[in-house]
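Excluded from the calculations below are hydrogen atoms, water molecules and symmetry mates; all remaining heavy atoms, backbone and side chain alike, are included.
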Amino acid sequence: MLGGLSEALENGSRRGLRIQLLAVLVLALMPLLILSSVQGIMEYEQQREREIGRLHTAALSASEAITAAFSRADGKAGALASWSFALMDDPESCVRTLRHMAEADVTVSNIAMLDSNGEVICSAVPPSESERNFSSRDWFQAVSDGADRTHSDVVFGAISQRQIVLTVRRLRANPDIDGTDTDTFAGVVAVATDMNAAARLVRRERLGADAQIALISRQGALKLEGSSIEDDLFENVAVGTLLEQARPGEAIRAQGTGVRPGYEVIVAALIPERLGVAIAAPARVFESWSGVSVISTFAIPALMTLLVLVCVWVAVDYFILRWLTYLQRIAQLYAAGRLDLVPQRARKAPREVARLAAVMEQMAASLDEQRTELAEAVDQRSGLLREIHHRVKNNLQVIVSLLNLQSGRISDPAAAEALMDARRRINALALVHRSLYETDDLRFIEVSPFLKDLIGNLAEVLGGHDSTIAVDVECDDLALSPDQAAPMALFVTEAVTNAFKHAFAGRDAGRILVRLTCGDDDQCEISIGDNGTGVNPSASAGTGSSLMNAFAQQLGGRFETRPSPLGGYEAAISFPISKHWDS
């Protein structure tokens with residue numbers, strides 16, 4: 001029963017009240033958490049699309065700003081091409097004019113006019129002696145081959161010493177005398193657009209400090225100024241792929257760029273398949289008020305759920321579990337016998353707990369009253385039993401006294417001996433009853449002191465104070481019920497008496513050993529052995545052997561006789577211990 005209760009308590013601890021309540025609350029709040037998660041994901045995707053749209057707008061703005069710089073450069077180149085014949089005749093005036101036009105536009109780093117051989121005629125920025133002929137450049141070759149205008153790739157300006165894009169116009173020879181234009185190639189006018197200066201015109205309020213703007217051409221990507229990131233995000237970018245995806249007047253979200261993870265790349269074409277602008281920036285969903293809205297969509301239901309769980313955890317502990325723990329301690333004290341204890345603290349508990357404590361108090365009071373009544377009844381019963389055993393012992397002593405008187409009047413030795421045997425047997429029973437009323441617990445008899453007392457009485461009666469026969473007792477610590485102690489005492493009396501009578505005929509001294517041993521299987525053996533003359537073949541047919549067989553049956557055991565380890569005769573009974581008194 002206690003084992004089942006322990007198992008129930010252990011299983012109950014695994015299914016604690018707090019855990020079960022929290023599980024129910026989590027299941028109840030799960031739909032809200034799922035819906036808020038779905039809504040948060042949707043808002044995140046929408047905000048991400050808005051951020052990417054912002055980058056598209058920024059890319060178009062950058063494209064328009066740089067395209068406008070190219071348009072102004074092309075306008076200047078066209079105007080100069082129309083009046084080139086006048087300027088080429090006066091180099092000093094040409095230099096002043098080009099310088100004024102270059103200084104009038106912050107994106108123009110230089111303007112130069114070249115003759116048909118590629119030699120610099122005049123330049124806003126004076127050229128060095130080593131850099132005066134540009135006939136081998138691609139843009140010069142394209143115009144000399146018949147193109148009216150062209151643009152260079154992003155190059156490092158030999159004269160301006162800056163990263164530039166050249167806008168080139170074809171110069172024609174002076175008109176004929178009759179005013180007819182001629183198509184003879186006379187040189188080029190080249191306007192150099194400073195790309196860093198053009199990039200500074202890009203409105204960056206739509207871009208973060210970690211965004212980068214770059215010009216992409218067939219020669220690679222040129223990172224423009226204005227970013228706080230020192231690393232070049234376009235260093236390992238496949239430029240050809242970006243140019244293929246770029247479209248004039250349209251911002252395209254580039255795919256497979258190889259830019260840093262988490263960054264989006266938006267491209268727009270400046271010159272189809274030759275020059276474009278690219279913006280690399282992280283799509284920052286969580287760095288704006290919209291991002292806060294996305295986070296709150298996730299966080300508020302989660303925080304509410306967590307708060308509810310914490311409140312339930314604390315409330316269950318404060319309002320329920322601490323009182324249950326207190327009542328558990330009170331119940332343990334009741335189980336330990338402290339039935340007079342009053343659960344005072346429970347009066348401050350919630351009403352239901354206080355009622356339970358009151359019921360437990362009433363139960364303890366009732367149990368205490370019943371325990372008192374039972375204790376009184378047990379004491380009364382014990383007193384009556386002791387009185388009964390005492391009177392039985394006295395009656396047996398009276399019978400022994402009568403037998404003593406009667407034996408003194410019998411002249412027949414055999415009859416007197418028979419009365420003496422009866423006296424010894426009755427005396428053994430009287431000793432059992434005396435041991436019972438002298439012990440604290442009437443349910444059992446301590447065997448070791450009982451046997452020593454019994455053997456002492458027998459030795460005194462059979463041999464007297466001057467007996468040369470020694471009787472020793474070896475006994476394990478054992479307690480027997482009266483139902484087993486009585487036949488065992490009679491068996492010992494019978495066996496010791498037989499040993500005194502028959503084992504030492506013709507001898508002056510001897511030894512008798514009474515030995516009681518028990519094993520782990522609750523099987524005991526009591527044996528009475530001597531170092532006398534050995535087994536008497538006629539002894540098995542006597543009254544003593546019949547009585548000892550009867551005593552063995554009363555003990556529920558088996559009687560046997562055998563040679564004693566001391567050298568003589570040994571009588572023994574093997575019997576199981578009866579523990580009905582311990583139930």
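- Cation-pi geometry between R322 and Y318 is met: the NZ or CZ atom falls under 6.0 Å from the ring centre, inside 45° of the normal.
- Look at R355 and E361 and you find no salt bridge, because none of the NZ, NE, NH1 or NH2 atoms lies under 4.0 Å from a carboxylate O.
- For Q370, the side-chain hydrogen bond (donor to acceptor under 3.5 Å, both in side chains) criterion is met by S366, not counting sequence neighbours.
- With a 4.5 Å cut-off on side-chain heavy atoms, E560 and R558 count as touching.
- D522 places no side-chain N or O within donor-acceptor distance of the main-chain N or O of P576, the cut-off being under 3.5 Å.
- Between R371 and E369 no salt bridge is recorded (no basic side-chain N to carboxylate O distance below 4.0 Å).
- From T493, atom OG1 reaches atom CE of M548 across 11.0 Å, with rounding to the nearest 0.5 Å.
- Contact annotation: the side chain of P343 approaches that of Y326 to within less than 4.5 Å [non-hydrogen atoms, C-beta and beyond].
- Between I526 and F575 there is a side-chain heavy-atom pair separated by less than 4.5 Å.
- A side-chain contact (heavy atoms from CB on, under 4.5 Å) with I512 holds for exactly one of D472, I528, N531; it is I528.
- Residues P487 and Q553 are not in side-chain contact: their nearest non-hydrogen atoms beyond the backbone lie 4.5 Å or more apart.
- Contact of the K452 side chain with the C475 side chain is not registered, since no non-hydrogen atoms from C-beta on lie closer than 4.5 Å.
- A donor-acceptor pair is defined here as one N or O able to donate and one able to accept, closer than 3.5 Å; no such pair exists between the side chain of D476 and the backbone of L478.
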Decide yes or no on side chain to side chain contact (heavy atoms under 4.5 Å, CB included) for L480 and M488, but give the supporting numbers first.
CA-CA 10 Å; L480 290 178; M488 186 198 68; 3.7 Å; yes

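- Side-chain atoms of D530 and E570, non-hydrogen and from C-beta on, never get closer than 4.5 Å to each other.
- The distance from the OH atom of Y334 to the CG atom of D368 is 10.0 Å, given to the nearest 0.5 Å.
- Within the 4.5 Å cutoff, the side chain of C518 has heavy atoms near those of the I577 side chain.
- With a 4.5 Å cut-off on side-chain heavy atoms, L555 and I573 count as touching.
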